[in-house]
A.B. asks: 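Take this structure, written in structure tokens, and hold onto it; I'll ask about it next.
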Amino acid sequence: MRTVDHEAPVYLHQLPVPGEDRYVSLALVNTRFAVSHGQVDLLDDTEAAHLWLVRHELLPDRVVINGRQSGRLRTLREALRALFEARVTAAHPPAAALDTLNAALAAAPATPRLAWTADGPHRADLPDAGNPAAAALSQLAEDAADLLTGADAGQLTECAAQGCARWFLRSHGARRWCTTKCGNRVRAARAYAARRAGSPS
């Protein structure tokens with residue numbers, strides 16, 4: 001059995017983005033972004049995709065995925081990115097993006113259940129245990145559908161820092177960056193440009 005390193009260095013430079021703690025689909029979209037030294041893709045191979053699913057409690061550690069399944073995860077990520085953009089711009093999304101999300105929803109639908117805890121009754125849908133990889137994609141698609149159609153959809157925003165490409169839930173109207181790191185990067189670039197503009201040629 002392969003051991004998964006849950007503290008792999010590839011995750012250490014990714015700062016938490018507002019909303020990812022509530023919507024795992026937002027975290028999925030944010031697995032591709034830019035940093036100062038270039039582009040980062042946290043799902044760039046099958047092992048990385050497996051690790052991401054395990055870390056987000058969408059897949060048991062013991063379940064191995066193949067290249068086709070990790071490819072479907074990346075395809076879903078790009079579809080969600082297109083759907084988020086369409087939601088924010090009030091545009092009609094590409095048909096392929098909508099088809100990808102709906103196919104993921106249909107591949108392994110959860111079974112509705114009612115659970116009863118100390119807080120009372122609540123819905124506790126059970127994912128399809130027969131196909132764990134498809135169930136993970138289905139859960140991600142359902143989470144995205146909840147985000148896109150729920151009260152938080154109006155807060156969905158793409159980071160304004162050039163090249164970042166991460167999405168977040170804006171906590172207040174003036175917020176434009178996914179993290180303080182992106183905000184600092186933009187301010188530093190502006191200050192540098194201002195200094196260069198003011199320096200003698």
Side-chain angles (χ1 to χ4, degrees), residues 4-35 38-61 63 65 69-88 93 97-98 100-105 107-108 110 125 127 132-161 163-171 175-183:
V4 175
D5 178 7
H6 295 278
E7 300 301 327
V10 73
Y11 292 101
L12 299 181
H13 62 269
Q14 186 188 26
L15 298 174
V17 174
E20 286 187 354
D21 57 333
R22 294 160 56 198
Y23 294 99
V24 69
S25 58
L26 193 60
L28 173 63
V29 167
N30 290 339
T31 56
R32 181 172 60 78
F33 58 96
V35 290
Q39 294 289 321
V40 174
D41 186 345
L42 299 178
L43 307 176
D44 62 350
D45 60 27
T46 301
E47 185 175 358
H50 177 266
L51 175 60
W52 188 89
L53 289 168
V54 171
R55 290 187 77 248
H56 287 83
E57 300 179 356
L58 293 164
L59 193 71
D61 199 347
V63 174
I65 63 172
Q69 291 164 328
S70 63
R72 286 180 179 162
L73 180 62
R74 288 188 293 273
T75 299
L76 179 60
R77 174 184 66 187
E78 300 312 315
L80 295 187
R81 184 178 294 278
L83 293 170
F84 288 0
E85 288 172 0
R87 177 64 175 81
V88 168
L98 201 53
T100 296
L101 181 133
N102 285 327
L105 284 171
D125 296 352
L137 294 184
S138 186
Q139 285 180 264
L140 285 162
E142 188 170 343
D143 183 85
D146 288 344
L147 172 55
L148 288 165
T149 60
D152 291 328
Q155 298 174 17
L156 192 59
T157 308
E158 187 174 15
C159 183
C164 174
R166 278 187 279 202
W167 287 79
F168 66 99
L169 294 183
R170 190 175 53 242
S171 53
R175 180 163 188 157
R176 300 179 58 214
W177 301 297
C178 65
T179 62
T180 54
K181 186 171 185 176
C182 271

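These figures come from a predicted structure and were not determined experimentally.
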A.B. asks: Calculate, to the nearest 0.5 Å, the distance between atoms CD and CG belonging to Glu158 and Asn30 respectively.
C.D. replies: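 It is 9.5 Å, given to the nearest 0.5 Å.
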A.B. asks: Measure the OG-CG distance between Ser138 and Leu101 for me, rounded to the nearest 0.5 Å.
C.D. replies: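 Result: 9.0 Å between the selected atoms.
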A.B. asks: Can you tell me how far the CD1 atom of Ile65 sits from the CD atom of Glu47, to the nearest 0.5 Å?
C.D. replies: 10.0 Å
A.B. asks: Can you find a pair of side-chain heavy atoms, one from Ser171 and one from Pro18, that are under 4.5 Å apart?
C.D. replies: no
A.B. asks: Rounded to the nearest 0.5 Å, how far apart are OG1 of Thr31 and CG of Leu43?
C.D. replies: 3.5 Å
A.B. asks: Which residues pass the side chain to side chain contact (heavy atoms under 4.5 Å, CB included) test with Arg72, sequence neighbours left out?
C.D. replies: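 Expected list: Arg68, Leu137.
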A.B. asks: Start with the C-alpha gap between Arg32 and Arg74, add the side-chain angles, then the distance that decides, and say whether side chain to side chain contact (heavy atoms under 4.5 Å, CB included) holds.
C.D. replies: CA-CA 10 Å; Arg32 181 172 60 78; Arg74 288 188 293 273; over 6 Å; no
A.B. asks: Run the side chain to side chain contact (heavy atoms under 4.5 Å, CB included) test on Val88 and Trp167 for me, step by step, so that the C-alpha distance in whole Å, both residues' side-chain angles and the decisive distance to 0.1 Å come before the verdict.
C.D. replies: CA-CA 11 Å; Val88 168; Trp167 287 79; 3.4 Å; yes
A.B. asks: Nearest 0.5 Å, what's the CG-CD distance between Leu147 and Glu142?
C.D. replies: 13.0 Å
A.B. asks: Tell me the closest heavy-atom pair linking Thr100 and Leu76, and the distance in Å.
C.D. replies: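 Shortest heavy-atom separation between Thr100 and Leu76 comes out as CG2-CA, 3.9 Å.
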A.B. asks: Heavy atoms only: give me the nearest Ser70-Thr46 pair and the separation to one decimal.
C.D. replies: OG-OG1, 3.2 Å
A.B. asks: For the OH atom of Tyr23 and the CG atom of Asp152, what is their distance to the nearest 0.5 Å?
C.D. replies: 3.5 Å
A.B. asks: Ignoring hydrogens and geometry, is there a side-chain-to-backbone donor-acceptor pair from His50 to Val63 under 3.5 Å?
C.D. replies: yes
A.B. asks: Any side-chain heavy atom of Leu140 within less than 4.5 Å of one from Leu53?
C.D. replies: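 Leu140 vs Leu53: side chains touch.
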A.B. asks: Would you check, one step at a time, whether the test side chain to side chain contact (heavy atoms under 4.5 Å, CB included) holds for Gln69 with Leu59?
C.D. replies: CA-CA 12 Å; Gln69 291 164 328; Leu59 193 71; over 6 Å; no
A.B. asks: May I have the step-by-step check of side chain to side chain contact (heavy atoms under 4.5 Å, CB included) for Leu169 and Thr157, ending in yes or no?
C.D. replies: CA-CA 6 Å; Leu169 294 183; Thr157 308; over 6 Å; no
A.B. asks: Quick check: closest heavy atoms across Phe84 and Ser25, and the distance to 0.1 Å?
C.D. replies: CZ-OG, 4.3 Å
A.B. asks: Which heavy atom in Gly154 sits nearest to a heavy atom in Arg87, and how many Å separate them?
C.D. replies: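 In this case the closest contact between Gly154 and Arg87 is N-NH2, 4.3 Å.
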A.B. asks: May I ask you to decide if Val29's main-chain N or O and Arg81's side chain share a donor-acceptor pair within less than 3.5 Å?
C.D. replies: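 A pair under 3.5 Å: yes.
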A.B. asks: Kindly write out the residues that satisfy side chain to side chain donor-acceptor pair (under 3.5 Å) with Asp125, not counting sequence neighbours, or none if the list is empty.
C.D. replies: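 If we apply the side chain to side chain donor-acceptor pair (under 3.5 Å) test to Asp125, skipping adjacent residues, the hits are Arg123.
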